[in-house]
Structure formats: structure tokens, C-alpha cells
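Here the structure is laid out as C-alpha cells; the discussion comes afterwards.
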Amino acid sequence: MQEGIVNSDSNYCFGEGGAGTYSDGKLYTRSNKRGNVNRIIDVLIHHGANEEIRIDSHPHIGSNKLPKIIQSKRETIQNCNGEIHFEKKVTDFIINQNKINGVIVNENEEILGDAVILATGHSARDIYEIFRKRELAIESKSFAMGVRIEHPQALIDSIQYHSKTRHENLPASNYSLACQVDNKGVYSFCMCPGGIIIPASTDENELVLNGMSVSKRNSPFANSGLVVEVNVNDWKHLSMHKEFAGLMFQKEMESLAFNSGGGKQIAPAQRITDFVSQKISKNIPKSSYVPGTVSSPLHDILPKDISRRLRKSLIIFNQRMKGYYTEEAQILAVESRTSSPLRIPRDRETLMHIGVSGLFPSGEGAGYAGGIVSAAIDGERCAEQAFNFVIK
Ligand SMILES: Cc1cc2nc3c(=O)[nH]c(=O)nc-3n(C[C@H](O)[C@H](O)[C@H](O)COP(=O)(O)OP(=O)(O)OC[C@H]3O[C@@H](n4cnc5c(N)ncnc54)[C@H](O)[C@@H]3O)c2cc1C
């Protein structure tokens with residue numbers, strides 16, 4: 001973070017525990033009907049999360065606690081005779097007569113198996129490339145894109161608690177905002193009270209932002225994604241890439257943000273008041289973002305339809321949270337990986353890929369989850385189906 005270097009195999013998205021390990025650890029989910037949320041919570045508590053997550057309405061673990069929980073989960077897997085293979089990157093599948101027989105790792109090592117659960121997350125672009133190369137079914141899907149917005153936490157507290165200062169017994173306050181602008185949804189995403197903005201890029205020459213917070217949520221900043229729904233109409237100019245056009249659009253924005261920041265993961269930033277009046281900020285407020293920020297004309301840099309909707313939404317959100325629209329707040333670009341731009345299609349009942357028997361696409365990267373709990377629930381469902389498939 002401090003040197004602005006991205007290791008493409010080990011970063012906030014890739015490595016032990018995946019994106020969840022250094023995520024914010026908010027466990028709130030709307031996936032109650034898809035599976036047993038309480039069981040997921042119990043597993044987390046068993047591996048070291050605080051008991052309170054069982055009763056909190058918006059449970060939160062915190063980025064400082066998650067890595068230890070993940071290590072403890074690894075020990076459970078190993079105690080059950082599971083194996084963990086670090087530094088083994090899946091580079092191809094072994095498929096014979098439309099049935100998967102294992103994977104190739106590090107270009108030439110085979111790992112054989114009767115079933116493969118593919119849960120490589122929304123940033124594993126090399127995995128999507130395998131689908132393209134092998135002409136396996138994959139579909140484009142809509143997602144959301146925009147910026148990270150950062151306010152002083154004290155300001156958000158004063159708005160939410162209707163009080164000049166926050167009582168010492170009250171937690172850093174959060175918010176959730178959504179509206180329709182010109183027939184598209186604009187909404188806050190992954191709000192981190194008392195948190196920091198981080199570079200979640202997975203490759204050099206791209207810039208992707210996200211947010212996290214430690215369990216105490218005690219940074220002086222409040223940040224949140226502020227995103228607009230994007231779909232096939234936004235990437236018409238890339239239609240030659242077919243199903244991969246949305247992914248190319250995402251890449252386009254990430255490299256634009258990287259270049260606008262001038263490299264080393266420095267983020268282009270703008271005061272929101274200047275963004276709405278479409279003028280460059282003479283200076284920008286202090287930010288939690290460690291690699292640094294540089295004043296940039298984001299109103300011009302972002303695609304016109306996203307920029308216009310974000311500008312209008314800020315005025316609407318200020319009617320819901322008086323004081324939200326303030327020159328003390330700034331936006332940083334780009335928040336581009338809210339969910340996967342692709343879906344790997346699978347059978348509704350068996351959860352297997354529609355063209356490859358024994359292959360179970362799972363979690364966020366396959367397009368079936370949007371957060372920690374939904375990915376966990378989907379993983380459990382796939383594991384059960386894979387077990388049934390192998391036993392038969
Ligand atoms: C900074 C940040 C904050 C977040 N905060 C929250 C939050 O507060 N609440 C919430 O619900 N969600 C949050 N999320 C999202 C959440 O982390 C993801 O939705 C969730 O982790 C998705 O789980 P997954 O198992 O589908 O994939 P991932 O967690 O992305 O895991 C994918 C795994 O696959 C591995 N992999 C990738 N390619 C290969 C390959 N070729 N070979 C072998 N292995 C490979 C990766 O190394 C990784 O370990 C956050 C994400 C980030 C980045």
C-alpha cells in the first residue's frame with residue numbers, strides 16, 4: 001500500500017481466504033432464503049469471531065480479526081484431512097468428453113478429482129480466459145460501477161445521531177442510500193464507518209478501490225462505494241468482445257483511473273461540490289487512502305452516463321441526509337468490482353456447469369454471490385452437490 005506496488009498473485013483479492021480475509025467483515029445479508037445464515041455465523045464464531053455477531057442486526061467482524069479466523073479455518077480443514085496447496089494457481093481444466101477430471105496448476109502439474117468447485121472470485125480474469133479459450137458457456141451480466149466517497153466520520157455521526165458529538169457508548173454510524181436517476185439505480189455500497197479506503201487492484205497498471213475497517217471502527221473517516229448500475233448499453237462500443245464486453249469496460253475504467261492518478265496506485269480525487277459543479281478541485285481534503293490522491297476532473301473522466309447520475313444522486317441523497325453534500329467530502333475513483341461482470345451458467349438443481357459435468361461454479365466470481373455470507377452459503381450448497389455427485 002505504501003509503495004503502490006501490486007503483486008498480481010497476492011493482494012486484497014487473492015491469497016488465503018480470498019477477498020474475505022482483508023474485507024471489512026460486514027455480515028449483513030439478504031440471502032436468508034438461500035441457506036442457513038446462522039450456520040455460517042456459528043462457523044465464524046467457532047473459529048474466533050465475537051459472539052455478538054449472533055445478535056447484532058448488522059454484524060461486523062473487522063479487517064484486523066479476519067486473518068486469524070481464516071488461519072483457524074485452515075487448521076480445521078487440515079484436521080479433517082483436507083489439504084491446502086499454496087502457490088498453486090489453476091491454469092487449465094482437465095476435461096474429457098464433457099466431464100471434468102481435475103485441474104492443471106502452474107501450467108504443468110495435474111491435480112485429479114471427480115468434482116471441481118470453482119470459487120475463484122470476481123477478479124480471476126485468467127479463469128474467465130480459460131472459458132473463452134475452451135469455448136465453454138459463460139454469460140455477460142450487469143453490475144455496478146462508480147466511486148468511493150469519503151466524509152469525516154464526525155459529520156456522518158452528527159447527521160445520523162442528530163447531535164453535535166457522538167456519545168462515547170455509540171458506535172461510528174453508518175448509512176445506506178439508494179435512488180433512481182434516469183431509470184437506473186444509484187446506491188451506496190459496502191459502507192465502512194470509521195474505515196479506510198484501500199487499493200484492491202489485482203494487477204499493475206490498474207486502479208480498483210474498496211473499503212475496510214478494523215473492529216473498533218475508529219478511523220476519523222467514513223467511506224462508501226457510490227455506484228450506478230451498468231449494463232450492455234454502457235459497453236456498446238466494446239460489443240466486438242461479445243460476452244466479455246462488460247469485463248473490457250471494467251478494465252477500461254480501471255486503467256483510466258490508474259493513468260489519471262499518475263501511477264503507483266495514487267487515486268484521482270475531487271471534492272463532491274466541485275464534481276457536481278464540474279470544476280477541478282483546487283485542493284482536496286485529507287484522505288484515509290494510503291497510496292495518496294491527486295486532484296482530477298472526475299466529472300469528465302468517468303463515463304458521461306455514470307458521471308451525470310452520480311452528480312444528480314448526490315443532491316438527492318443530501319435531501320435524505322442533510323449535510324451529506326458538503327465540500328468536506330470527496331470522491332476517489334474507481335469502484336469497479338462491486339460484483340462479477342460475468343456469470344458461469346449452471347444447472348439450477350445440480351449446480352453443475354451446463355456444459356461440463358462435475359464442474360461446480362460457485363460464489364461471487366461465478367455470479368452467484370455478492371458478499372461473504374452469500375458466498376459461504378453458495379459454497380456450502382456446491383459442496384453438498386459435489387459430494388452427492390461423487391458418491392453416486
Ligand atoms: C476490501 C474488501 C472489502 C469487502 N468487504 C465486505 C464486507 O464487509 N462484507 C461482505 O459481505 N463482503 C465484502 N467484500 C466482498 C467479499 O469479500 C466477497 O464477496 C467474497 O469474499 C467472495 O467470496 P468467494 O469465495 O466467491 O471469492 P473470493 O473471496 O474472491 O476468493 C477467491 C479465491 O480464489 C483464489 N483464486 C483466484 N484465481 C485462482 C486460480 N487461478 N487458481 C487458484 N486459486 C485462485 C483467490 O486467491 C482467492 O483465494 C469485500 C471485498 C473486499 C475486496
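Throughout, residue positions are numbered sequentially from 1 according to the sequence presented. Whatever order the structure lists them in is the order used to number ligands and atoms, beginning at 1.
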When only distance counts, is [X] in polar contact with ligand 1, meaning an N/O pair under 3.5 Å?
X: G20; value: yes
X: K26; value: yes
X: G15; value: yes
X: I372; value: yes
X: G211; value: no

I need the single residue from N231, V230, L342, V227 that forms a side-chain contact (heavy atoms from CB on, under 4.5 Å) with F143. Which is it?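 With F143 as partner, side-chain contact (heavy atoms from CB on, under 4.5 Å) holds for just one option, V230.
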Out of the candidates L226, N210, V334, only one should pair with R148 under the side-chain contact (heavy atoms from CB on, under 4.5 Å) rule; please name it.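 Considering L226, N210, V334, a side-chain contact (heavy atoms from CB on, under 4.5 Å) with R148 is found only for N210.
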Just need the protein heavy atom nearest to [atom], so name the residue and atom and give the distance.
atom: atom 5 (N) of ligand 1; answer: D24 N, 3.2 Å
atom: atom 4 (C) of ligand 1; answer: S23 CB, 3.2 Å
atom: atom 29 (O) of ligand 1; answer: A19 N, 2.9 Å
atom: atom 24 (P) of ligand 1; answer: A375 CB, 4.0 Å
atom: atom 27 (O) of ligand 1; answer: G121 CA, 3.5 Å
atom: atom 48 (C) of ligand 1; answer: G18 CA, 3.4 Å
atom: atom 41 (N) of ligand 1; answer: V90 O, 3.1 Å

Can you check whether [Y]'s main-chain N or O pairs, donor with acceptor, with [X]'s side chain at less than 3.5 Å?
X: N11; Y: V6; answer: no
X: Q330; Y: I284; answer: no
X: S63; Y: S23; answer: yes
X: S188; Y: L177; answer: yes
X: Q153; Y: S173; answer: yes
X: T326; Y: G323; answer: no
X: D347; Y: E349; answer: yes

Assign the ring pair W235 / F249 to parallel, tilted or perpendicular, where the plane angle (0 to 90°) is split at 30° and 60°.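 Geometry flag for F249 against W235: tilted rings.
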Quick one: which of [options] has a heavy atom closest to [atom]?
atom: atom 36 (N) of ligand 1; options: N11, T91, T120, I70; value: T120
atom: atom 46 (C) of ligand 1; options: Y12, F189, F86, F14; value: F14
atom: atom 32 (C) of ligand 1; options: S123, G17, G365, A119; value: A119
atom: atom 53 (C) of ligand 1; options: N210, D92, I196; value: N210

Using the side chain to side chain donor-acceptor pair (under 3.5 Å) rule, pick out the option among E206, R337, Q265 that qualifies with S201.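 By the side chain to side chain donor-acceptor pair (under 3.5 Å) criterion, S201 pairs with just one of E206, R337, Q265: Q265.
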Y128 and S340: CA distance, side-chain angles, deciding distance, side-chain hydrogen bond (donor to acceptor under 3.5 Å, both in side chains) verdict: CA-CA 11 Å; Y128 299 138; S340 170; 3.0 Å; yes
Taking 4.0 angstrom as the limit and counting only heavy atoms of [X], give me the atoms of ligand 1 inside it, by number and element.
X: E364; result: 18 (C), 19 (O), 20 (C), 22 (C), 26 (O)
X: A124; result: 37 (C), 38 (N)
X: G363; result: 26 (O)
X: G371; result: 10 (C), 11 (O), 12 (N), 19 (O)
X: K88; result: 43 (C)
X: I198; result: 1 (C)

Could you tell me if any non-hydrogen atom of G25 lies under 4.0 Å from any atom of ligand 1?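 Yes.
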Looking only at heavy atoms of M212, does any of them come nearer than 4.0 Å to an atom of ligand 1? no
Does the Lys NZ or Arg CZ of R346 fall within the cation-pi geometry relative to F360 - under 6.0 Å from the ring centre and within 45° of the axis?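 No, R346 does not sit over the ring of F360.
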Kindly say whether the aromatic ring centers of F93 and H353 come within a distance under 6.0 Å. no
Spatial distance of atom OG (S295) from atom CG (N283) [nearest 0.5 Å]: 8.0 Å
For ligand 1, note which part of I127 has a heavy atom under 4.0 Å away: side chain, backbone, both or neither. side chain
